[in-house]
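Below, chain A is the first sequence line, B the second, and so on; all start at residue 1.
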Amino acid sequence: MGLINTNRVFNWFRDSENKKFTLVLLVLFCLLLEETIHLYWGIELAYTHVFYILLVLAAIWYHQRAVFLAIVLGVMHIIVSYEILGELTWPPLLRAMMFILVTAIVAVISATKDEYQKEFIQSKKVIEENHEILISYITECANRLRHPIEIVHDNLRELEKQVEQEGPPGDLKIRLQLQIKNTEQIIANLQDLNGAIVTDDKEIPEAYREFISR
Amino acid sequence: MNQVLIETVTGDISRGKNLVLRLTTADRLKQDNIDIVKTMADKGYRVIVITTNQPAEVLKKNYEKSGIDIAKLFFIDAITSYAIGTTPAAEQNVRFISNPSNLTDLGIAITGALNESEDKDPCILFDSISTMLIYLPSASISKFIHYISNRLRLIDTPGVFLAVGKGLDPMMISNLSTFMDDIILPDVV
């Protein structure tokens, strides 16, 4: 049950509109905190931790662009502090710098992770496509080699049976000629396969080509 | 004669399922061919036998042995010229194609035979899809069968396509099944 709910929340956040909506709500909430707790009540500790929820989420979702938000929040925090105290002090400056630093770190990590994930999905897709191509190729080889050999074999077996039971039929020559032609075509099909392996036929992925031609 | 097969084929055609793929076994291919041709000829159809498997000369002997009147048949032989290396002397009711992979000529010959037989109630027997795999990639065969089946459907003409079931990969059978009205599996004997 808990897992289902977590998944539902996770899926909800996949929608870019929902992400924007969440960030706008958090921005409004942070402005409210700055206005009431800091400016109105004059408390400048603890409430700024809430800013990190906004900044971390923004950094995860929008990477380096979230740093601008951190700068805006930091500057706003410094201005409000200046309004209250009438002078510029170190604590709000440090807090503003921490906003920017934490956001930048999360943004870089998140961007790198997303880049790896993208590459991983891309390479998985390429592997799957290559695998599919190989399966089609092997199937076609089986179609054009194994089955024709079976046909020639069956035709010759039938001819043998007929010769045994009734003696050589009048059309023996043409039937043998046909089987010779069939075997010639099978050899040509085999040469096509070899050609495809030796040349740079893009239908066969390089690793598989190397494997088949061992 | 394989009565079950014959009843299935004739039943399909009488119900308007004109295009039938018969998946058979290698040892039954020849007999299935004879049974279907005999039944269709007896029903008054002019059977157009398209062969890529056995020369028309061999098929004619098999049919005569089984009591089929070969005057009611028309052959499109895509294998004899290829096997002997020259074009055989012209024969009545036989059209020779230079090579089984020459699908253009094969298509023209089939269309011509259907047009000529328009008032004679034609039907087609294709022997066999599996043999064509020796000469052509499966994709080309599927396209060609699609073309022929569409042609037959347009003129409301029955067609039975033979293939050795074991030799066709499932993807190809699946492709072919989309063009056909019914598939008769090898266990129908």
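- Contacts from residues 118-125 of chain A to chain B, taken as heavy-atom pairs separated by less than 4.5 Å, involve no residues at all.
- Looking at N189(A), only its side chain comes within 4.5 Å of chain B, counting heavy atoms on both sides.
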Evaluation steps, side chain to side chain contact (heavy atoms under 4.5 Å, CB included), between I79(B) and T131(B) | CA-CA 10 Å; I79(B) 200 73; T131(B) 322; 5.8 Å; no
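- For L29(B), no part sits under 4.5 Å from any heavy atom of chain A, backbone or side chain.
- Among all heavy-atom pairs drawn from G159(B) and L152(B), the shortest one is CA-CD1, 4.0 Å.
- Note: Y47(A) and H38(A) have tilted aromatic rings, judged against thresholds of 30 and 60 degrees for the angle between ring planes.
- What you find for D181(B) and G16(B) is that their closest heavy atoms are OD2-O, 4.1 Å.
- Interface summary for chain B: among E150(A), E184(A), Q179(A), Q177(A), the most heavy-atom pairs under 4.5 angstrom belong to Q177(A).
- Ring geometry for F75(B) against Y63(B) counts as parallel: the plane angle stays under 30°, on a 0 to 90° scale with 60° as the upper cut.
- Interface residue I151(A): only side-chain heavy atoms are found under 4.5 Å from chain B.
- Interface with chain A: from residues 88-109 of chain B, no residue qualifies, criterion being any non-hydrogen pair under 4.5 Å.
- By the 4.0 Å N-to-carboxylate-O rule, E160(A) lies close enough to R157(A) to be salt-bridged with it.
- Side-chain contact between V108(A) and Q64(A) is present, with at least one heavy-atom pair separated by less than 4.5 Å.
- Annotation: maximal heavy-atom pairing with chain B below 4.5 Å, among D154(A), I149(A), I174(A), V152(A), occurs at I174(A).
- Residues L55(A) and V106(A) are not in side-chain contact: their nearest non-hydrogen atoms beyond the backbone lie 4.5 Å or more apart.
- Comparing I180(A), N182(A), N155(A), L145(A) by heavy-atom pairs within less than 4.5 Å of chain B, the highest count is held by N182(A).
- Between F13(A) and W61(A), the angle of the ring planes lies from 30° to 60°, which puts this pair in the tilted group.
- Annotation for L21(B) and A163(B): closest pair CD1-CB, 4.3 Å, computed over non-hydrogen atoms.
- Closest non-hydrogen pair, A41(B) versus K72(B), comes out as O-NZ, 3.8 Å.
- For F161(B) and F179(B), the gap between ring centers reaches or exceeds 6.0 Å.
- The contact between N53(B) and chain A is made by backbone and side chain atoms together, counting heavy-atom distances below 4.5 Å.
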With side chain to side chain contact (heavy atoms under 4.5 Å, CB included) as the test, would you mind laying out the steps for I141(B) and L176(B) before giving the verdict?
-> CA-CA 9 Å; I141(B) 298 170; L176(B) 293 172; 5.6 Å; no
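- One finds a salt bridge joining D12(B) and R15(B) here, because a Lys/Arg side-chain nitrogen approaches an Asp/Glu carboxylate oxygen to under 4.0 Å.
- Note: Q54(B) leads M172(B), M171(B), Q54(B) in heavy-atom pairs under 4.5 Å with chain A.
- Both the backbone and the side chain of D171(A) have a heavy atom closer than 4.5 Å to some heavy atom of chain B.
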